[in-house]
Amino acid sequence: MKTQDYIRLEDQYGAHNYHPLDVVIERGEGIWLYDVEGKKYLDFLAAYSAVNQGHCHPKIAEAAKEQIAQLTLTSRAFRNKQLPLLYKDLYDISGMDISLPMNSGAEAVETAIKVARKWGYNKKKIPADRAEIIVCENNFHGRTTTVVSFSTEEDYRKGFGPFTPGFKIIPFGDADALEQAITPNTAAFLVEPIQGEAGIIIPPDGFLSKAYELCKKNNVLFILDEIQSGLGRAGKMFAYQYEDVQPDAVIIGKALSGGFYPVSAVLSKKEVLGVFNPGEHGSTFGGNPLGCAIARAALKVLLDEKLAGNSAELGTYFLNRLKELQSPKIKEVRGRGLWIGLELTEKARPYCEKLKDEGMLCKETHDTVIRFAPPLIIKKDELDWAFERIRRVIQ
Ligand SMILES: *Cc1c(COP(=O)(O)O)cnc(C)c1O
């Protein structure tokens, strides 16, 4: 079968909730993807940062194969020997006391929302059903009914009401607005340290520290969604580490799987996740031995190959090169680590199509922004190769 045959099947029998580029991938290795016609592409999206370690990393594949041959699922009705080891690894990378594994990112966000509310009632003594969670405009925290309840994206919400109450929205990066929004019933402030889906939006310096201080002062949980920004993408293990803050909870996902198998987690101080009792939250697949073995290998690759450092170093290099580009079509180039948004003065999609023809896979976000987020194992000469193509297409 050829590209068009696969696309026809997909269009006929699948729901149309995505608008993918018309390339059908059959194989991936490191930073490279190969389509069904044998054409090779540099992956500049890395599955929205789920494959920071590169495609089909041999060490993660080995761990997965080994675990698949032994045990894949027990449910949490019984214990398995991989889960405690993952808990310890998560503690080691974050210093957060305890954690709770889930599968998709959105599920981990839901978990954080539930735990924040429970903490609000049990510890902060908020009156029943009155807990509020403050979030930011242009946030992206996933697609479940509750999570889209506090989205500000028309497409994410239209037709999906009624929505879950209990959320307040402030402008991203505005500490004064946060201060105004906090009430005695505020349980948590949930925020992305850098907004990825919104187009790689970096808040003003000092915003996170100010927000953290306000949360501390008002006994409000400071919860960071690092599902996309974390695990090396922004040039540090966690993007919040650019400022002096100590989050009460951090949500991770995406690269925790190395792209192999969905694994997410909420990491928190003991008194936060500590409010859960047996039976109050769970997931059949959350914490399964296969997912845990994969996550442990994925974290080990991040550390052994110093991918956060590579992201920081090459991210700065690449951002500076992109800033040299002279074109009236470029509105702004911004980023942190190998996580860069090129904002155009016109629609980005046609440029993504042209880059595809040049052998580079990128995706537009928010109409006018092209996100550059290659696997973090990329090397300098490969970035130079990509830069030449970007220059050709933009100029
Ligand atoms: C991708 C993402 C999510 C949702 O993760 P899924 O695995 O798609 O459910 C939540 N928050 C942020 C910041 C993300 O980038």
Side-chain angles (χ1 to χ4, degrees), residues 15 17-18 20 45-52 100-116 133 135-153 155-157 160 164 167 169 172-173 188-203 208 222-234 236-240 247 249-267 283 285-288 291 294-295 298 311 335-341 363-366 369 371-373 375-376:
N17 58 326
Y18 274 93
L45 180 63
Y48 300 94
S49 297
V51 282
N52 287 356
L100 196 166
M102 296 296 282
N103 310 286
S104 70
E107 274 179 305
V109 172
E110 290 272 353
T111 302
I113 290 168
K114 285 174 72 177
V115 82
I133 293 174
V135 298
C136 291
E137 277 171 8
N138 301 317
N139 69 71
F140 184 80
H141 298 288
R143 303 291 203 152
T144 59
T145 323
T146 286
V147 171
V148 301
S149 295
F150 55 88
S151 172
T152 57
E153 243 351 89
D155 284 352
Y156 297 178
R157 291 167 54 91
F160 302 127
T164 310
F167 298 94
I169 301 170
F172 182 60
F189 175 48
L190 168 66
V191 64
E192 300 154 84
I194 295 172
Q195 290 186 326
E197 292 313 294
I200 325 291
I201 310 292
I202 303 168
L208 287 182
F222 182 62
I223 304 181
L224 296 176
D225 182 345
E226 292 254 18
I227 290 171
Q228 193 167 156
S229 58
L231 304 183
R233 177 50 62 188
K236 289 187 186 284
M237 185 54 90
F238 298 102
Y240 77 76
V250 177
I251 309 165
I252 56 174
K254 294 201 165 107
L256 183 56
S257 70
F260 278 72
Y261 182 102
V263 193
S264 62
V266 179
L267 323 175
S283 156
F285 282 85
N288 74 74
I294 286 171
S311 173
R336 199 162 268 176
L338 280 167
W339 204 28
I340 296 171
K363 190 68 167 56
E364 77 278 7
T365 174
H366 271 239
V369 181
R371 167 173 22 200
F372 296 134
L376 305 181

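Each ligand, and each atom within it, is numbered from 1 in the order the structure gives. Every value quoted in this text rests on a predicted model; they were computed, and no experiment measured them.
Listed by chain and number, the residues in a ring pair (Phe, Tyr, Trp, His ring centres under 6.0 Å) with F222 are Y212 (sequence neighbours excluded). Taking F140 as the reference, Y156 meet the ring pair (Phe, Tyr, Trp, His ring centres under 6.0 Å) condition, with sequence neighbours excluded. With sequence neighbours excluded, no residue forms a ring pair (Phe, Tyr, Trp, His ring centres under 6.0 Å) with F189.
Exactly one of E192, R371, E153, H141 qualifies for a side chain to side chain contact (heavy atoms under 4.5 Å, CB included) with E197. That residue is R371.
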Which protein N or O atoms sit under 3.5 Å from any N or O of ligand 1? Give atom names and distances.
{"from": "ligand 1", "atom 1": "7 (O)", "to": "G105", "atom 2": "N", "distance (Å)": "2.8"}
{"from": "ligand 1", "atom 1": "9 (O)", "to": "G105", "atom 2": "N", "distance (Å)": "3.3"}
{"from": "ligand 1", "atom 1": "9 (O)", "to": "A106", "atom 2": "N", "distance (Å)": "2.8"}
{"from": "ligand 1", "atom 1": "11 (N)", "to": "F140", "atom 2": "O", "distance (Å)": "3.3"}
{"from": "ligand 1", "atom 1": "11 (N)", "to": "D225", "atom 2": "OD1", "distance (Å)": "3.4"}
{"from": "ligand 1", "atom 1": "11 (N)", "to": "D225", "atom 2": "OD2", "distance (Å)": "2.7"}
{"from": "ligand 1", "atom 1": "15 (O)", "to": "Q228", "atom 2": "NE2", "distance (Å)": "2.8"}
{"from": "ligand 1", "atom 1": "15 (O)", "to": "K254", "atom 2": "NZ", "distance (Å)": "2.6"}

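Between N288 and Y261, the closest side-chain pair of non-hydrogen atoms falls below 4.5 Å. Taking the side chain as every heavy atom from C-beta outward, T164 and F150 never approach each other to under 4.5 Å.
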